Structure formats: structure tokens, C-alpha cells
Amino acid sequence: MRRVATLFSALTLATLGWTAGTAHAAPAPSPSAEGAGTSVSAEEQRAAARFWTTDRLRAAQDVTALPAARTAKLATAPPTTGERVSVPPLPGPAAATSAPSTRATSPTAWTGGGLISTTAGKVFFQNASGGTFACSATVANSDNRSVVLTAGHCVVDAATGTGYRNWVFIPGYTGGNRPYGTFSARSLFWEPQYVSTRGDANWDYAFAVMNTLNGRTLAETVGAQGIAFNSQTGRHVHSFGYGGSAAEGNGERLNHCEGDEFPDAGRPGSTMWGVDCVQTGGSSGGGFLADFSGGGGYLIGNISVSAGANEIPPDAGQ
């Protein structure tokens with residue numbers, strides 16, 4: 001993520017418990033505002049785990065974007081500089097080294113295994129009207145070993161500021177199977193600017209802190225990808241998600257795209273960069289990774305919007 005966003009310094013490094021104590025870490029910038037979010041009670045967490053039966057998983061609609069996101073008012077572009085902070089990946093117990101993958105200039109089934117096969121997964125949630133939906137997310141390394149990165153429109157209604165409920169993450173989801181179980185959220189966090197602008201995609205990223213399962217944290221169970229803040233732009237990147245088209249396996253398998261980043265020139269005020277490869281509805285929130293090798297890398301953004309043949313994440317901060 002590349003924006004010098006106060007959410008990442010105030011919320012990520014503190015509330016989410018990010019560690020910056022690595023060889024590549026730099027001091028986080030001082031926050032000027034707090035992130036927005038909601039907490040989930042213990043009873044609601046248990047209810048969410050019970051709620052997602054196999055039938056409800058199948059019936060969930062793939063999310064593309066909230067209606068508000070299509071009529072969003074653009075915010076002032078955020079700063080373009082900031083301290084570079086990176087947190088390395090955390091190997092998972094079941095993360096075998098992946099085989100080389102073919103270049104994916106269109107959504108392609110991921111068959112390489114490795115850390116991404118355990119740390120990428122599907123998100124399921126329910127909105128205030130009772131509708132059920134599916135997105136994608138990725139485990140990000142943090143001190144509490146419990147954080148996933150996803151899209152803002154997979155966490156909160158930008159029109160009302162209401163966080164979604166019955167929010168769960170299923171790492172390694174494949175064909176309805178839950179190889180590592182179902183993790184329910186205990187907290188959801190998003191950028192306040194995403195709501196105040198009624199869905200400006202520049203701010204369309206969010207984090208969830210997940211509950212433990214069988215006495216183990218999420219990252220202890222599946223590992224975690226690294227994450228990088230204010231990183232270099234214009235690099236070769238990979239994106240991963242559960243697109244819902246027939247060509248992508250109807251949301252039942254993990255797909256990937258890759259390409260060299262270029263700036264989003266299609267929206268006034270955009271701070272986003274994208275690639276020439278588009279995954280469809282259901283991939284929203286899936287991770288963009290740089291320095292990707294052996295199934296692991298550094299999260300620099302998440303799947304948010306598409307424009308023609310381009311897939312564009314809110315790369316927090318160019």
C-alpha cells in the first residue's frame with residue numbers, strides 16, 4: 001500500500017498490532033486521524049460461524065461494487081510520499097514451495113500451491129437487508145497473527161457507514177471445502193474517507209481482525225503474506241481472487257492475474273495503479289502482491305475496480 005494513510009499508521013500499526021521491526025522497516029508516520037470500524041461481540045462471532053451453512057455459501061452473491069461506489073464523489077488526492085514500511089511473510093505449516101506458474105494475462109486458475117494457496121480465501125457476509133455476499137481476502141502478517149486485507153466495499157456500506165454482519169473468512173476455500181475452517185471476524189476496520197466520499201475507490205481497502213479457531217490464530221493456522229506501505233510503483237505484480245464467471249470457476253477456485261503496474265488515468269484524482277488483466281465479481285478484496293516468489297510476497301493493495309481490460313487496486317499511496 002502506498003498512500004501515507006493515517007489508517008495504516010494509527011490503526012494498522014497499533015490496533016491491528018503490526019510489527020515494523022524488520023530490516024526493511026522504517027518508522028511509521030505520525031497519525032492525524034483514526035480509522036473507522038466496528039467490533040463484533042463474542043455471541044455475534046459464534047452466530048456468524050453457525051450462520052454459514054453449505055447452502056448459504058452457495059447462495060451468496062459475488063460482489064463487484066456497492067451502488068454508492070459508482071456515483072462516488074472523489075476526495076482530494078492523498079499525499080504521494082511517505083516512509084516505506086514492510087513486514088515479511090510468515091510461513092505456514094502447510095505452505096509447500098510452489099512450482100513456477102505461467103504468465104497470467106487473463107484470469108487463470110492458480111495451480112502453483114505455496115503460501116498463497118493457504119493465505120488467500122473467500123469472505124462471506126450479510127448486509128442490513130439480509131442479502132448474502134462473497135468477496136476475497138488475504139492474510140497479512142501482524143503481531144496478533146489475525147489480520148486479513150480486503151476491499152472497503154466488502155466490509156461497510158459506503159452509503160450509510162454501516163458495517164456488514166455475519167462476516168467470516170475461509171482460507172484456502174476450494175469448491176465449497178473449508179480445509180482450515182471458518183474464521184469469524186471480531187473487528188472490522190475501514191478508512192473513514194471511504195464512507196465520507198460515498199465510495200471513492202481511492203480509499204476502498206479494509207482490514208478485519210479474525211477470531212481464533214481451535215485455540216489457534218489465523219496466521220498460526222495458514223501463515224501470512226508480507227505487507228508493504230509506501231512501496232515503489234510500476235513493478236510487476238500478481239493479483240489473486242475468486243472471480244465468479246464460468247471461465248474463473250464460478251467463484252469456487254483461486255485465480256490469479258499478473259502484469260506491470262501503470263497509473264490509473266481514467267478517473268480524475270485517482271491515486272491507483274492497475275494491470276491489464278481483470279478478474280470478475282467475487283474477486284473484490286483479493287490481494288495485489290509485489291516481490292512474489294514461491295507463493296509468497298508483499299501485499300501492496302487489493303482488487304477494487306476495473307476499467308475495460310484493466311484491474312485497479314487502491315494502492316494506498318502513489
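Position 1 is the first residue of the sequence; numbering continues from there. Every value quoted in this text rests on a predicted model; they were computed, and no experiment measured them. All values below were derived from every heavy atom in this structure, side-chain atoms included, with hydrogens, water molecules and symmetry-related copies excluded.
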Is [Y] close to [X] at the side-chain level, that is, under 4.5 Å between some pair of heavy atoms?
X	Y	value
Leu218	Thr212	no
Val195	Val156	yes
Tyr298	Pro89	yes
Thr118	Pro171	no
Asn255	Phe240	no

Original post:
Do Phe125 and Phe169 make the cut of ring centroids closer than 6.0 angstrom?
Top reply: no
Original post:
Do Phe207 and Phe189 have ring centres separated by under 6.0 Å?
Top reply: no
Original post:
Within 45° of the axis and under 6.0 Å from the centre of the six-membered ring of Phe124, does NZ or CZ of Arg56 qualify?
Top reply: no
Which heavy atom in [X] sits nearest to a heavy atom in [Y], and how many Å separate them?
X	Y	answer
Trp52	Arg178	O-NH2, 2.6 Å
Trp167	Val148	CH2-CG2, 4.0 Å
Ile170	Gly181	CG2-O, 3.8 Å
Ala140	Ile227	CB-CD1, 4.4 Å
Phe288	Asn302	CD1-C, 4.0 Å
Thr119	Gln225	OG1-NE2, 3.0 Å

No-hydrogen, no-angle side-chain donor-acceptor test under 3.5 Å, [X] and [Y]:
X	Y	answer
Thr53	Asp55	no
Glu191	Tyr205	yes
Ser239	Gln279	yes
Glu248	Ser245	yes

Original post:
Is it true that Leu299 and Trp110 fall in one hydrophobic cluster, defined by side-chain heavy atoms closer than 4.5 Å?
Top reply: yes
**OP:** Spell out, yes or no, whether Val87 and Leu90 are grouped together once hydrophobic residues are joined by side-chain heavy atoms under 4.5 Å, including indirect joins.
**Re:** no
**OP:** Show your working on side-chain hydrogen bond (donor to acceptor under 3.5 Å, both in side chains) between Tyr242 and Glu252 and close with a plain yes or no.
**Re:** CA-CA 7 Å; Tyr242 288 83; Glu252 296 299 311; over 6 Å; no
Original post:
Between OG1 of Thr182 and NZ of Lys122, what distance do you get to the nearest 0.5 Å?
Top reply: 12.5 Å
Original post:
Do Arg50 and Glu44 sit within salt-bridge range, that is, some charged N less than 4.0 Å from a carboxylate O?
Top reply: no
Original post:
Donor-acceptor pair, His256 side chain versus Thr108 backbone, under 3.5 Å?
Top reply: yes
Original post:
Is there a donor-acceptor contact under 3.5 Å from the side chain of Thr174 to the main chain of Asn177?
Top reply: no
**OP:** Quick one: which residue pairs count as a salt bridge (Lys or Arg N to Asp or Glu O under 4.0 Å) with a foot in residues 286-301, not counting sequence neighbours?
**Re:** Arg235-Asp291
Subject >> For Arg216, all residues meeting salt bridge (Lys or Arg N to Asp or Glu O under 4.0 Å), sequence neighbours excluded >> reply: none
